[in-house]
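All values below come from the heavy atoms of this structure, side chains included, with hydrogens, waters and symmetry mates left out. Here is how names work: the chains are called A, B, and so on, in the same order as the sequence lines, proteins then strands, and each is numbered from 1.
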Amino acid sequence: MPPNKKAKVRKETTSSDDSSDEGKASAFNKKKKAATPARKREKGSSDSPTYSHWLMKSEPESRFQNGIDLKFGIEDLKAQPEQTACWDGVRNYQARNFMRQMKVGQRAFFYHSNCKEPGVAGLMKIVKEAYVDHTQFDRKDPHYDAASNPGSPKWSMVDVQYQRMTRRFLPLSELKRYHLQHRDSGGPLKNLALFTKPRLSVQPLTAEEFDFILSLEDKKPL
DNA sequence: GCCAACGTTGGC
DNA sequence: GCCAACGTTGGC
């Protein structure tokens, strides 16, 4: 990655919400708008929880956009120099903001989306914190953003390094069964972003969520 | 600043 | 390939 070439990851895009830089119109803010102006920061603590675990989606099967294949599965990450790639192409404010919170050394699930078998395929590690996503200025890139200018880039990316495959593939369907179960009975996956914010391509997980999902690799499929 | 139309995501 | 959910855009 940094020294070598960057892999190209196609991140999922999705849309919306900002809150960090430009004052984009976050849907979030919009919703609560009127009510309490002071509300955004007051409690001092529960504002924005700090997360240390993540789930990042990418498509392992070929899909073409502007003649460019967006395919980037965990095997593709593994095949990169130093098994490292930049996670470029994220064009959603919420997802971008989560990437900006990422710290070196944190772990993330590599999630396969928009494919035969969606689910968690493996683990990776953040090896470089957020920096400018160069693909926003590249007219040839499927994620080119004509509205962004080099003076104030809109989009960021991080570098991730392959860590390992999960001992078994953890299908979305199974995670969903747990999610539904936990919603009724109370359990670690009751609020999992994968289901509560299904369109977000970069999602935070609590340590409990992360550990629970990881523990499934040694269990029989539900 | 509201909101309807539109576009995209992504599971199925 | 369908379609539900939801973010974004743009007219007013």
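Atom pair A:F195:CZ and B:dG10:P shows a separation of 13 Å (rounding to whole Å applied). Between the CZ atom of A:R199 and the P atom of B:dG10 there is a distance of 7 Å, given to the nearest Å. Rounded to whole Å, the distance from CG on A:L55 to C1' on B:dT9 is 15 Å. For A:N92 and C:dC6, the CG to P distance is 14 Å, given to the nearest whole Å. Distance, A:Q65 CD to B:dT8 C1': 10 Å, rounded to whole Å. A:K116 has its NZ atom 14 Å from the C1' atom of C:dG1, to the nearest Å. Going from atom CG of A:L200 over to atom P of C:dC6 covers 11 Å, rounded to whole Å. Between A:K197 atom NZ and C:dC6 atom P there is a gap of 11 Å when expressed in whole angstrom units.
Here A:Y111 does not reach the OP1 or OP2 of B:dT9: none of its side-chain N or O atoms lies under 4.0 Å away.
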Go through A:W87 and A:D159 one step at a time and tell me if the side chain to side chain contact (heavy atoms under 4.5 Å, CB included) criterion holds. CA-CA 6 Å; A:W87 205 263; A:D159 286 351; over 6 Å; no
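Sorted by first then second residue, the salt bridge (Lys or Arg N to Asp or Glu O under 4.0 Å) pairs that include residues 170-190 of chain A, not counting sequence neighbours, are A:R168-A:E174.
With hydrogens and angles disregarded, a donor-acceptor distance shorter than 3.5 Å links the side chain of A:R96 to the backbone of A:K154.
A:H53 is linked by a ring pair (Phe, Tyr, Trp, His ring centres under 6.0 Å) to A:F210, counting only residues two or more places apart in sequence or in another chain.
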